[in-house]
Colleague: 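Structure provided below as structure tokens; questions to follow.
All values below were derived from every heavy atom in this structure, side-chain atoms included, with hydrogens, water molecules and symmetry-related copies excluded. Both ligands and their constituent atoms are indexed starting at 1 by order of listing.
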Amino acid sequence: MEWLLSMPKVELHAHLNGSIRDSTLLELARLLGEKGVIVFSDVEHVIMKNDRSLHEVFKLFDLIHILTTDHKTVTRITKEVVEDFASENVVYLELRTTPKRNDSIGMSKRSYMEAVVEGLRAVSAVDIDFAPHNIDGNPVNDMIMNDICNGTTRKKIYVRLLLSIDRRETTEAAMETVKLALEMRDFGVLGIDLSGNPIVGEWSTFLPALEFARAQGLQITLHCGEVPNNKEVNSMLDFLPQRVGHACFFQEEEWKKLKSSKIPVEICLTSNIRTNTIASIDIHHFANLYNANHPLVLCTDDSGVFSTTLSKEYHLAASTFGLGKWEMFQLAKTAVGFIFADDGVKQDLEGIFDLAAKKLD
Ligand code: 6MZ
């Protein structure tokens, strides 16, 4: 476990509100309990519960959103989530979140995202590069140069953002999110994710917004096949997104399509087992894809909700499928090829992995 922790890692499928520390959620629940907004004792066991069905997970998200959705808290959780990933040597994080509108507290999708960016700015425990250029137009890398000049070496993390469309949303709401993503490109927004309760909503509702996003040069990742839905999985694969998440309920024909298209898969082992979308870890499709040399990346999905970390996901894969240090290192390194950030970031990350390779043994 120690070497998996110290190994550089790339996280490409992490939902902001699913990655919150339990201690923070409990603190927020206690505060809202004191204000009489919720009954703390009712929600405490819901937060601490470990085994949840997929249905229960989405009920928990509704609760989490009650606890977190004000600007100050969004800023706080963003800062904490980034620092938590960096603390276990995640060197590149693509963090996704659903921009939320809440008229009663004066929150628009844009002000929600500004609070997220504020959280990135507030990161202090590690060095962060979250945008191609900082607001003054100077490369953020200056910050790292300063550190080198000062003789200090601190952990550094690249963070980029994906805006999620929730499957509960209308075409117009999805379009609003895509337009916001375009406006926020200078703040490190690289693409769009389609997520939310997989039994809700229709692919045709989101397609116009996703097609618009693609035409404008945004990159796209889709939650695909998290529940059985043959027709949707086929339509999603025909759309040729840059990546897909989960890929649990695929049939013969869809595996063929996926493999021939070489679309990288974001694999979330613990999430799939906890929500019972895969019956047991030894039959997880990771093995099949890995053996077929199909592009894949291990991810946490919701490290808070599923009490996991990226190191734990690597450990689970290594111990279940009998993979050694070198194989796990290669797995982490190949993920650099599937990031949505530009070639400059890719080169920096490759340099980090090359350095780490020398220390491997
Ligand atoms: C589908 C998921 C998910 O966006 O509020 N989300 N969507 N499948 C999953 N597998 C378990 N886990 C999380 O983060 C929480 C939101 O991410 C999506 C859901 O829409 C959830 O409400 P944000 O930061």
Colleague: Do the numbers put Arg160 on top of the ring of Phe187, so that NZ or CZ is under 6.0 Å from the six-membered ring centre and no more than 45° off the axis?
Modeller: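 No - Arg160 does not lie over the ring of Phe187 by the 6.0 Å and 45° rule.
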Colleague: Assess whether atom NE2 of His65 is packed by more than 12 heavy atoms of other residues, nucleotides or ligands within 6.0 Å.
Modeller: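 Counting neighbours around NE2 of His65, more than 12 heavy atoms of other residues, nucleotides or ligands fall under 6.0 Å, so yes.
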Colleague: With a 4.0 Å heavy-atom cut-off (strictly under), which part of Asp302 contacts ligand 1: side chain, backbone, both or neither?
Modeller: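 Contact part for Asp302 vs ligand 1: side chain (C-beta onward).
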Colleague: Kindly confirm or rule out an N or O of Lys100 lying under 3.5 angstrom from an N or O of ligand 1.
Modeller: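 Yes, Lys100 has an N/O under 3.5 Å of an N/O on ligand 1.
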Colleague: Quick one: pull up CG in Leu16 and CG in Leu162 and give me the separation to the nearest 0.5 Å.
Modeller: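 Those atoms lie 12.0 Å apart.
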Colleague: Taking distance alone, with no angle check, do Thr97 and ligand 1 share an N/O pair under 3.5 Å?
Modeller: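 In this structure, Thr97 places an N or O atom under 3.5 Å from an N or O of ligand 1.
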Colleague: Going by an N to O cut-off under 4.0 Å, is there a salt bridge joining Glu169 and Lys109?
Modeller: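 Salt bridge flag = yes for Lys109 with Glu169.
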Colleague: Indicate yes or no: does an N/O atom of Gly196 lie under 3.5 Å from an N/O atom of ligand 1?
Modeller: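 For ligand 1, there is an N or O atom that lies under 3.5 Å from one belonging to Gly196.
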Colleague: Of Val305, Ile64, Asp302, which meets side chain to side chain contact (heavy atoms under 4.5 Å, CB included) against Asn17?
Modeller: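 By the side chain to side chain contact (heavy atoms under 4.5 Å, CB included) criterion, Asn17 pairs with just one of Val305, Ile64, Asp302: Ile64.
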Colleague: May I ask you to check if ligand 1 and Glu226 share an N or O to N or O distance below 3.5 Å?
Modeller: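 N/O-N/O distance below 3.5 Å exists for this pair.
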Colleague: Hey, is Arg167 touching ligand 1 through its side chain, its backbone, both or neither, going by heavy atoms under 4.0 Å?
Modeller: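 Under 4.0 Å from ligand 1, Arg167 contributes no heavy atoms.
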Colleague: Quick check on contacts: which atoms of ligand 1 are under 4.0 angstrom from a heavy atom of Asn17?
Modeller: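 Within the 4.0 Å cut-off of Asn17, ligand 1 contributes 5 (O), 14 (O), 15 (C), 23 (P), 24 (O).
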Colleague: May I ask whether Thr275 places a heavy atom under 4.0 Å from ligand 1?
Modeller: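 Contact absent.
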Colleague: Quick one: which ligand 1 atoms are inside 4.0 Å of a heavy atom on His15?
Modeller: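 Selected atoms, number and element: 2 (C), 3 (C), 6 (N), 12 (N), 13 (C), 14 (O), 17 (O), 18 (C).
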Colleague: For Phe58, is the NZ or CZ atom of Arg52 found under 6.0 angstrom from the centre of its six-membered ring and inside 45 degrees of the ring axis?
Modeller: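 No, cation not above the ring by the 6.0 Å, 45° rule.
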Colleague: Suppose we measure from atom 4 (O) of ligand 1 to each protein heavy atom; which comes out shortest, and what is that distance?
Modeller: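 The closest heavy atom on the protein side is Thr98 OG1, 2.5 Å.
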Colleague: In terms of side-chain geometry, is the basic nitrogen of Asp103 or Arg101 positioned less than 4.0 Å from the acidic oxygen of its partner?
Modeller: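 Looking at Asp103 and Arg101, the cut-off is met.
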Colleague: May I ask you to list the atoms of ligand 1 that are less than 4.0 angstrom from any heavy atom of His223?
Modeller: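 Here the atoms of ligand 1 in question are 1 (C), 7 (N), 8 (N).
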Colleague: Determine whether the side chain, the backbone, both or neither of Asp166 has a heavy atom under 4.0 Å from any heavy atom of ligand 1.
Modeller: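 Asp166 to ligand 1: side-chain contact only, backbone stays beyond 4.0 Å.
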Colleague: Side-chain heavy atoms nearer than 4.5 Å, only ILVMFWY residues, links allowed to pass through others: does that put Val46 and Leu31 together?
Modeller: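 No, no single cluster joins them.
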Colleague: Which bit of Asp301 gets closer than 4.0 Å to ligand 1, counting heavy atoms only: side chain, backbone, both or neither?
Modeller: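 The answer is the side chain.
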Colleague: Please write down residue, atom name and distance for the protein heavy atom closest to atom 22 (O) of ligand 1.
Modeller: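 Checking every protein heavy atom, the shortest distance to atom 22 (O) of ligand 1 gives His65 CE1, 3.1 Å.
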Colleague: With a cut-off of 4.0 Å, which atoms of ligand 1 are near a heavy atom of Leu16?
Modeller: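 Taking each heavy atom of Leu16 in turn, ligand 1 has 24 (O) under 4.0 Å.
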Colleague: Report the distance from atom NZ of Lys9 to atom CE of Met328, rounding to the nearest 0.5 Å.
Modeller: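 Result: 10.0 Å between the selected atoms.
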Colleague: Taking the six-membered ring for Trp and the single ring otherwise, decide whether the centroids of Phe329 and Trp3 are under 6.0 Å apart.
Modeller: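 Ring-ring flag for Phe329/Trp3: false, centres at least 6.0 Å apart.
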Colleague: Under 3.5 Å, N or O to N or O, is Ser271 touching ligand 1 that way?
Modeller: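 In fact, backbone or side chain, Ser271 has no N or O that close.
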